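Below is one structure, written out as structure tokens; comments come after it.
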Amino acid sequence: QVQLVESGGGLVQAGGSATLSCAASGRTLNNYDMAWFRQAPGTEREGVACINSGDGRTYFTDSAKGRFTISRDNAKKTVYLEMNNMKPEDTADYYCATDTNYVCSESFAGLEGWLRWWGQGTQVVVSS
């Protein structure tokens, strides 16, 4: 069993920055692809970013490209999501997820179904 705990959410001003953390326990993070999702009120959950376990290649949904960065520290079993130039539409509950499968790709379609372990989420609110 893998447990994931997100942190770093809160109130952010539009144009500002925030960094979310996802700490894993129960198993090593080294061989697991990691992804960030978000869900705004009244919407479906969408993929935001993904990072490979092997080569560390990263992928982003269109709305996040150029603004968000995903990184990982395997020694600390932690994955991060750095969010810059934040917009009110970034307001959502943010979740991290992982699996041993090689799940990351340019397309986020179907990604959610390949991830078995999820955190409880952390809320991010971006004010105007």
Side-chain angles (χ1 to χ4, degrees):
Q1 180 69 37
V2 175
Q3 293 181 314
L4 303 173
V5 180
E6 302 95 336
S7 62
L11 179 63
V12 184
Q13 303 299 314
S17 300
T19 299
L20 306 181
S21 300
C22 175
S25 63
R27 298 184 185 180
T28 180
L29 189 65
N30 294 28
N31 299 324
Y32 292 28
D33 282 14
M34 299 290 300
W36 284 96
F37 286 74
R38 66 186 180 188
Q39 186 170 25
T43 71
E44 294 185 345
R45 187 159 53 189
E46 65 170 349
V48 177
C50 202
I51 183 167
N52 285 351
S53 60
D55 59 9
R57 184 176 179 180
T58 59
Y59 305 84
F60 300 92
T61 192
D62 287 343
S63 63
K65 290 178 180 177
R67 299 190 299 125
F68 291 8
T69 299
I70 185 172
S71 61
R72 63 194 299 159
D73 185 338
N74 289 339
K76 300 181 67 174
K77 297 183 178 181
T78 302
V79 64
Y80 305 93
L81 182 68
E82 180 183 350
M83 302 179 289
N84 301 302
N85 189 27
M86 299 195 72
K87 305 174 181 180
E89 52 262 44
D90 294 322
T91 296
D93 291 332
Y94 283 74
Y95 302 85
C96 65
T98 188
D99 211 295
T100 56
N101 298 308
Y102 298 112
V103 298
C104 297
S105 70
E106 294 290 345
S107 174
F108 283 78
L111 175 60
E112 183 174 350
W114 287 98
L115 298 161
R116 285 176 286 175
W117 299 291
W118 295 76
Q120 292 298 308
T122 184
Q123 186 179 68
V124 175
V125 177
V126 183
S127 62
S128 302

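All figures in this text were calculated on a predicted structure; none of them were measured in a lab.
At a threshold of 4.5 Å between non-hydrogen side-chain atoms, the residues L20 and W36 count as touching. Using a 4.5 Å heavy-atom cutoff, the side chains of S53 and R72 are in contact. For the pair E106/F60, no side-chain contact is recorded, criterion being any heavy-atom separation below 4.5 Å from C-beta on. Annotation: side chain of D33 is in contact with side chain of Y102 (closest heavy-atom distance under 4.5 Å). Side chains of Y32 and V2 form a contact here, defined as non-hydrogen atoms less than 4.5 Å apart. The shortest distance between side-chain heavy atoms of I51 and Y59 does not fall below 4.5 Å. Counting heavy atoms from C-beta outward, F68 and V48 have side chains that approach closer than 4.5 Å. In this structure, the side chains of Y94 and Q123 stay at 4.5 Å or more apart for every pair of heavy atoms.
Distance check, rounded to the nearest 0.5 Å: SG of C22 to OH of Y80 gives 10.5 Å. Separation of atoms CD (E46) and OG1 (T43) is listed at 6.5 Å; rounding is to 0.5 Å. Here S21 contributes atom OG and L4 contributes atom CG; the two are 12.5 Å apart, rounded to the nearest 0.5 Å.
In plain terms, the two heavy atoms of P88 and S128 that are nearest each other are CG-OG, 3.9 Å. Minimum interatomic distance between L115 and A35 (heavy atoms only, all atoms of both residues): CD1-CB, 4.0 Å.
Both W114 and Y95 are members of a single hydrophobic cluster when ILVMFWY side chains are connected at heavy-atom separations under 4.5 Å. Note: the hydrophobic cluster containing V124 also contains V79 (ILVMFWY, side chain heavy atoms under 4.5 Å, direct or indirect links). Cluster membership check: M83 shares its hydrophobic cluster with V12, using side-chain heavy-atom separations under 4.5 Å among Ile, Leu, Val, Met, Phe, Trp and Tyr. A continuous path of ILVMFWY side-chain contacts below 4.5 Å connects V126 to L81, so both sit in one hydrophobic cluster. Taking hydrophobic clusters as Ile, Leu, Val, Met, Phe, Trp and Tyr residues chained together by side-chain heavy-atom distances below 4.5 Å, V103 does not share a cluster with M34.
Ionic pairing of R67 and D90 is present here: one or more N-O contacts between side-chain nitrogen and carboxylate oxygen are shorter than 4.0 angstrom. The residues E44 and R38 are annotated as not salt-bridged, no charged nitrogen and carboxylate oxygen being separated by less than 4.0 angstrom.
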Show your reasoning for whether side-chain hydrogen bond (donor to acceptor under 3.5 Å, both in side chains) applies to D73 and T78. CA-CA 5 Å; D73 185 338; T78 302; over 6 Å; no
Could you please spell out the steps behind the side-chain contact (heavy atoms from CB on, under 4.5 Å) verdict for W118 and T98? CA-CA 7 Å; W118 295 76; T98 188; over 6 Å; no
What's the verdict on side-chain hydrogen bond (donor to acceptor under 3.5 Å, both in side chains) for N84 and S17, showing C-alpha distance, side-chain angles and the deciding distance? CA-CA 4 Å; N84 301 302; S17 300; 2.9 Å; yes
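Without hydrogens or angle criteria, D55 side chain to R57 main chain gives a donor-acceptor distance under 3.5 Å. Checking side-chain atoms of E6 against main-chain N and O of T122 turns up no donor-acceptor pair under 3.5 Å.
Side-chain contact check for T100 and R116: at least one donor-acceptor pair (N or O, by modelled atom type) lies under 3.5 Å. With no hydrogens or angles considered, a side-chain donor-acceptor pair links Q13 and S127 at under 3.5 Å.
In the displayed structure, Q120 atom CD is contacted under 6.0 Å by at most 12 heavy atoms of other residues, nucleotides or ligands.
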